[in-house]
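First comes the structure, then the notes that go with it.
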Amino acid sequence: MNRLGGFEDNTWINGIGSVFKRADGSQWGINLSIYPRKTRGSDSVLLSQAPILVRKNVINPTRPFRRQGTEIEFTVDNLKKWEVTDLENCPAKGRDLPKERKSRCFMNTLPDGITIYLPQFELARALFFHNAYFSRACLEHGILQNEFSVEHDATNSEHAVITVLPNSTCPDNVFSDPGYRRYLAWLLLDNDARLSYESISKAQLESGFNRGSYRIWNFEFEPPSLKGASLKVRGNLDTETNTLLVYEITELIDIPTDVPSDVEFFSPKFYVPELNGGKGGRGGDYRPPTHEVDESQDSSGENDPVQIDGVKTKVEFAKAVNTHKTARKRKKIGSSGNSERGEASNLVSTEEQSPMGDLPSAEWDGFDEATDDMHLYASKFESFSKVLDLLVTNHQCKVELLAFRKLPSVGRCKMHLMRDDSTPRCWMLARVTVSGHQFYLMEVDTSDAAKSLSTKAVMASSEKALTERLSEIEIKLLKKSLSWPKDYFDGEFGKESHFFIVHQASDKAGVIRQKKVERWANNVYRNLVIKLG
C-alpha cells in the first residue's frame, strides 16, 4: 500500500482542524488529531494530501481496517439553505478534540428526523479535492481564470471550448482521463460549482487571521445547492439525540450539471501520438508496486505524474457530458519496448513541479467517476450495428446484444483511450444464431486507426462461459497492444472454437463506408456458415 512519509504505520485520523501557513510562505497545511503522533514534525500535512484526509481513515495501513461508523443515504433539498455551525456543537462528536472544535459544519434535519452535521472540509474533499492539484489550487485566488479560458459557441449552445493556458500547472493526466475532463468541465462551466470552488479562497481572505508568524483559518466555503443529489455517507450516530456526524461522503449521485452537452479541451501542447516503428528511448523505468510520498520536497516534473490511490469517492453527474481532447499536431513516438528499463525509486512528491525538485511527480487519485454515459459512444458502432441488422433481415439470423463496454485502464497502456481525442475506447459483444448454432462476435472500436483489428468470432459452450471471462479478455487485449490474445482463446475455448473475420477495405483509415456495409454483412454470414461445415 502507498505510504505518507513522517507517519507511523496504522495512524488513525481522529480529527481535522484548522488550515494554516507561514505569513511569508505559500504552502498551506492542515492540522490533524491523530494517533499515534507523527514520527517527525507537527501533527499536520500539506493541503496537497487532502484526498486522503477523512475522519477515522488510517494512514499507512499495514492490513485492512473495518470502516468505522453508520452508513445512511439521503437526498439533498438545497445545501445553500442548511445551517452553519461549529463541530463542537455536534452531540455526535464523541471525543472532544481541541483542534477541531471550530471546524465548520453544515447542519440540517432530514425528513426521517436524523440531524446531519456535515463538516465543510469533507464536503469540499468529496466535491473538489480529488487530486493534489485541485486541493492546492483552491486557495490560489483567481486560479481557474488564470489557467483556463472558456469560450461558448455562439452558433451552438450545446458546445463549448476550454483552452488550457500556457501557464497552467494542471497535470496532463486530467485532460487524458474522461472522468476528470467531465469533472473539470463541470467545475469551469457550471456556475454553481465554479462559484463554490472559488468561494474557498475568498473565504480565507475574509475570515482568516494572523497569529504571530502564521496565517490561520477555519476552513469554510459556499456550497453548491446539489438540489436532488443523493449522498451516501458514513459517520458516528448518536442514538440519544438522533444526530449523525459525517466522517466520509462515499458517494455523490445525480449531481446537477448546467453544462453544454459537448465540451472540447484544447492546448497547443496536445498532440496525437503516431508510432514510427522504432525504439523510442527507454520509455521510463518500471514503477514499483508501492510509493512513499515525501511532502518536504517539490517534484521534478520530468515524468507524467504517478497515479497513487487516495480515498475513492464515487461521483455521478445527472447529465453525461461528452468531453474530448483536440490536438492540432501529430508527434512521432517510438515503441518503448526496451530491455534497459530499470525500477524507479518509490519516493515521490505530490507538491508542485520545480526546477529544484528531485523526486518524481505524483498525484493522489481519489476520483471514481461513474456517470452512465455509454449512449455517447453508440454511434461509433453504427456500421457494425447495421451489419448485425442485415444478418437478421437478409440472412434470417437471430442477433442479441450481450455487452457494450469501455476498455479498462491497464498499467501504462494507453490503448483504452482513442488515440485522436482521448475518449473511451469501447467494444461490443453480440450473439448471432445461425441455423440453431450460436456464435459470439466481438468488435472493438478502431475508428482512430490506432490498430487494424478484425472481428473476433467465438463458439463458446454457453453465454456464461464467455461473459465470465470478459474482464480477462479486455486485460489481455490491451496487454497485447490491441491484438486478440490467441493463446488465451486457444486455452479457454479450444483452437477450433475461435476465428477472425476481416473488415471490408475502407477509403480512409479507421472508417468503413456505409455502402460497403452490406458486403461486410455478407462476408460475416459466409464465414459463420463455412465454420458450420
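Computed from a predicted structure; not experimentally measured. Quick note: residue numbers are just sequence positions, from 1.
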Give the ring-plane orientation class for W484 versus F489, where under 30° counts as parallel, over 60° as perpendicular and anything between as tilted. perpendicular
May I ask you to decide whether E140 forms a salt bridge with K202, counting only side-chain N to carboxylate O separations under 4.0 Å? no
Residue K56 excluded, over 12 heavy atoms near NZ under 6.0 Å: yes
Side-chain ion pair, E122 and R55, N-O less than 4.0 Å: no
Looking only at heavy atoms, which two atoms of P260 and L189 are closest? And how far apart? CD-CD1, 4.1 Å
Pair D77, W82: side-chain N/O donor-acceptor within cut-off below 3.5 Å: yes
I'd like to know whether T250 forms a side-chain contact (heavy atoms from CB on, under 4.5 Å) with R67, so could you lay out the CA-CA distance, the side-chain angles of the two residues, the decisive distance to 0.1 Å, and finally the verdict. CA-CA 11 Å; T250 57; R67 297 165 73 89; 3.1 Å; yes
Distance-only side-chain donor-acceptor flag, S481 / K451, under 3.5 Å: no
Taking the ring of F493 and the ring of H498, is the distance between their centroids below 6.0 Å? no
Would you say the ring centroid of F404 lies under 6.0 angstrom from that of F381? yes
Looking at D420 and K325, is there a salt bridge between them, counting it only when a charged N and a carboxylate O are closer than 4.0 Å? no
We want to know whether D421 and T423 form a side-chain donor-acceptor pair, criterion being a heavy-atom distance below 3.5 angstrom. yes
Donor-acceptor under 3.5 Å (R425 side chain, D445 main chain): yes
Electrostatic pair E472:K476 at N-O distance under 4.0 angstrom: no
When you measure from the side chain of E363 to the backbone of A132, do you find a donor-acceptor pair of N or O atoms at a distance under 3.5 Å? yes
Checking K456 against F500: charged group under 6.0 Å from the ring centre and within 45 degrees of the axis? no
For residues A185 and F265, report the shortest heavy-atom separation together with the two atoms involved. N-CZ, 4.0 Å
Can you tell whether the side chains of K80 and D192 come within less than 4.0 Å, N to carboxylate O? yes
Atom of H152, atom of A160 and distance for their closest heavy-atom approach: ND1-CB, 4.2 Å
Does K414 have more than 12 heavy atoms from other residues, nucleotides or ligands lying within 6.0 Å of its NZ? no
Are the side chain of S168 and the backbone of V164 linked by a donor-acceptor contact shorter than 3.5 Å? no
A quick test of your reading: do over 12 heavy atoms of other residues, nucleotides or ligands sit less than 6.0 Å from CD of E400? yes
Does any donor atom in the side chain of E316 or T371 lie under 3.5 Å from an acceptor atom in the other side chain? no
Taking atom CZ of F266 as the centre, does the number of heavy atoms from other residues, nucleotides or ligands within less than 6.0 Å exceed 12? yes
Checking ring pair (Phe, Tyr, Trp, His ring centres under 6.0 Å) for the pair Y183/F134: CA distance, chi angles, key distance, verdict? CA-CA 11 Å; Y183 159 72; F134 290 114; 5.0 Å; yes
For K380 and V444, indicate whether the former's side chain and the latter's backbone hold a donor-acceptor pair under 3.5 Å. no
Donor-acceptor pair between E147 and Y133 side chains, under 3.5 angstrom: yes
If only side-chain N and O atoms count, and only distance matters, is there a donor-acceptor pair under 3.5 Å linking H416 with K406? no
Do we see a donor-acceptor contact under 3.5 Å between the side chains of E474 and W427? yes
Apply the test side-chain contact (heavy atoms from CB on, under 4.5 Å) to residues C138 and L47: give CA-CA distance (whole Å), side-chain angles for both, the deciding distance (0.1 Å), then the verdict. CA-CA 10 Å; C138 74; L47 200 56; 4.0 Å; yes
T350 side chain to Q49 side chain, donor-acceptor N/O pair below 3.5 angstrom: yes
Over 60° means perpendicular and under 30° means parallel, so tell me whether F128 and W186 are parallel, tilted or perpendicular. parallel
Give me the atom names and distance for the closest heavy-atom approach of I501 to S454. O-CB, 3.4 Å
For the residue pair F175 and F270, categorise the inter-ring angle as parallel (less than 30°), tilted (30 to 60°) or perpendicular (more than 60°). tilted
Around atom CD of E158, are there more than 12 heavy atoms from other residues, nucleotides or ligands closer than 6.0 Å? yes
Does either side chain, that of D262 or that of H324, offer a donor lying less than 3.5 Å from an acceptor on the other one? yes
Measure across P424 and M418 and return the closest heavy-atom pair with its distance rounded to 0.1 Å. O-CG, 3.8 Å
Could you measure the distance from the NZ atom of K312 to the CD1 atom of I52? Nearest 0.5 Å is fine. 13.5 Å
Considering only heavy atoms from C-beta outward, does the side chain of V432 approach that of V434 to under 4.5 Å? yes
Can you label the angle between the F384 ring and the W520 ring as parallel, tilted or perpendicular, going by 30° and 60°? tilted
Using 0.5 Å steps for rounding, measure from the OG1 atom of T323 to the CG atom of D177. 9.0 Å
So, N146 side chain and G142 main chain: donor-acceptor pair closer than 3.5 Å or not? yes
Is it the case that the side chains of S135 and R125 hold a donor-acceptor pair, with the cut-off being a distance below 3.5 Å and no angle test? no
Does a side chain donor of either E222 or S196 reach within less than 3.5 Å of an acceptor in the other side chain? no
So, H159 versus D153: side-chain donor-acceptor pair below 3.5 Å or not? yes
Determine the interplanar angle of the F219 and F121 rings, folded into 0 to 90°, and report it as parallel if under 30°, tilted if 30 to 60°, perpendicular if over 60°. perpendicular
Within the distance-only criterion (no hydrogens, no angle test), does the side chain of R194 pair as donor or acceptor with the backbone N or O of L188 below 3.5 angstrom? yes
Between the side chains of N57 and Y247, is a donor N or O closer than 3.5 angstrom to an acceptor N or O? no
I would like to know whether I255 and L252 meet side-chain contact (heavy atoms from CB on, under 4.5 Å); could you show each step before the answer? CA-CA 7 Å; I255 297 174; L252 276 160; 3.9 Å; yes
Is N322 reaching over with its side chain to a backbone N or O of L376, donor-acceptor style, under 3.5 angstrom? no
If you look at every heavy atom in T243 and C90, which pair is closest and at what distance? CG2-SG, 4.1 Å
